[in-house]
Amino acid sequence: MADVLRSLRLGGRGDPARACALALGAEGVALSLLVGNGRMAEPLWCHPEVSARFEELQFTLGEGPGPDAVRTGSPVLEPDLDRVRPDRWPALLPPARDMGVHGVCCFPLGIGAIRVGVLTVLSDGDRTMSVQQSADAIALAAALTGALLNGGGRGQWSEDGNGDRGGDRGGNGGPVLGLFLDRPTGLHRAAVHQATGMISVQLGVTMEEALLRLRAHAYSSERPLGEVADDVVARRLRFNDNDDSSSNGDGSGNGFDDDTNGPYSPGDGKG
């Protein structure tokens, strides 16, 4: 772990997620940043592929150790998912086990009420996290937090997801992190951000409520959140304000057009 932390300070190259996973002795590692007014989680790097799939699962459902860690500001350590109460994350646990995730430990990145991201560590087949592993993960989370709050990386992360490449040092004199913590120049989930805004207008609700409706549709249709968002942006799917329980007040609406009452906008979304 000392070598990984040194790479953070000096701007190491290579695959940071793989390096962190090896240093922690973990099955996988993922780092996500919180961006935009809705503080959506944007993946920065993941290793291996199952880590990316688990991050997408948490993002689609809006539940899991990652969202809990961000909300509470405290680490959520569940190295053995078989020992987690079924009602804690009822939608997440079955598909997580199906994809081979044994356990998850999430560490929020932030100071006080400030949240900038979350570090997700997938437990290995032993379904344990030793004291040393926990200490190393906390140290890594603290280093990442300091780097991000100090404007580390090769550019500032703006609210619209565009990196300002004008300088290599943060406004607080933070260290240069180079490619090891280089931020992408665009949002991985741009369609979700755009679709949330469109649904907010269609239903006349807040962005937070719109994202909940989008997630509900993705979950009920057993589709990735990004795919449903693409349909909204392409106007193949329009959320029906007539079915919106927040507007009619009777709680009967599901907040979107489903297959029985017309999943598409007028004219099947064409034109």
Side-chain angles (χ1 to χ4, degrees), residues 30 32-44 46 52-71 88-96 98-99 106 115 117-118 120 159-161 184 186-270:
S32 294
L33 307 183
L34 304 180
V35 302
N37 294 330
R39 310 306 288 160
M40 291 188 190
E42 278 287 331
L44 185 60
C46 303
R53 290 168 54 206
F54 182 75
E55 287 296 280
E56 189 66 26
L57 178 65
Q58 290 193 106
F59 182 70
T60 295
L61 300 176
E63 72 174 35
D68 282 3
V70 170
R71 186 183 67 255
R88 184 173 186 182
W89 303 309
L92 177 113
L93 290 175
D98 289 344
M99 66 176 61
C106 292
R115 308 277 190 275
V118 60
T120 300
E159 290 297 305
D160 63 359
L187 297 174
H188 290 274
R189 293 165 173 157
V192 176
H193 291 262
Q194 187 175 353
T196 300
M198 293 173 66
I199 296 168
S200 175
V201 173
Q202 290 170 7
L203 298 179
V205 297
T206 64
M207 295 287 283
E208 291 77 8
E209 175 74 9
L211 180 58
L212 286 175
R213 298 306 178 96
L214 183 63
R215 281 175 166 151
H217 188 107
Y219 177 68
S220 65
S221 60
E222 298 183 347
R223 299 174 60 201
L225 190 62
E227 286 187 5
V228 178
D230 286 339
D231 283 349
V232 174
V233 172
R235 293 177 170 81
R236 292 188 295 266
L237 173 66
R238 179 181 177 83
F239 280 53
N240 188 347
D241 55 359
N242 291 328
D243 289 338
D244 176 30
S245 60
S246 69
S247 63
N248 61 27
D250 59 12
S252 61
N254 57 17
F256 51 83
D257 293 333
D258 56 29
D259 291 339
T260 61
N261 62 7
Y264 303 119
S265 57
D268 292 337
K270 300 176 181 178

Original post:
Can you list the residues that meet the side chain to side chain donor-acceptor pair (under 3.5 Å) rule with D230, with sequence neighbours excluded?
Top reply: none
Taking side chain as C-beta onward, heavy atoms only, is [X] less than 4.5 Å from [Y]?
X: R53; Y: C46; answer: no
X: W89; Y: L61; answer: no
X: V118; Y: L34; answer: no
X: F59; Y: M40; answer: yes
X: V228; Y: Y219; answer: no
X: H193; Y: E42; answer: yes

Supply the atom-to-atom distance [X] [atom1] to [Y] [atom2], rounded to the nearest 0.5 angstrom.
X: L203; Y: L214; atom1: CG; atom2: CG; result: 10.5 Å
X: E222; Y: E227; atom1: CD; atom2: CD; result: 12.5 Å
X: Q58; Y: D68; atom1: CD; atom2: CG; result: 8.5 Å
X: T206; Y: L212; atom1: OG1; atom2: CG; result: 8.0 Å
X: S32; Y: E56; atom1: OG; atom2: CD; result: 9.5 Å
X: L57; Y: E63; atom1: CG; atom2: CD; result: 8.5 Å

To check you understand the geometry: which heavy-atom pair defines the closest contact between [X] and [Y], and what is its length?
X: C106; Y: G66; answer: SG-N, 3.5 Å
X: V70; Y: R115; answer: O-NE, 2.8 Å
X: G197; Y: M207; answer: CA-SD, 3.7 Å
X: G226; Y: V192; answer: CA-CG2, 4.3 Å
X: S200; Y: V205; answer: OG-O, 2.5 Å

Original post:
Under the side-chain contact (heavy atoms from CB on, under 4.5 Å) criterion, do H217 and V232 qualify, and how do the steps go?
Top reply: CA-CA 11 Å; H217 188 107; V232 174; over 6 Å; no
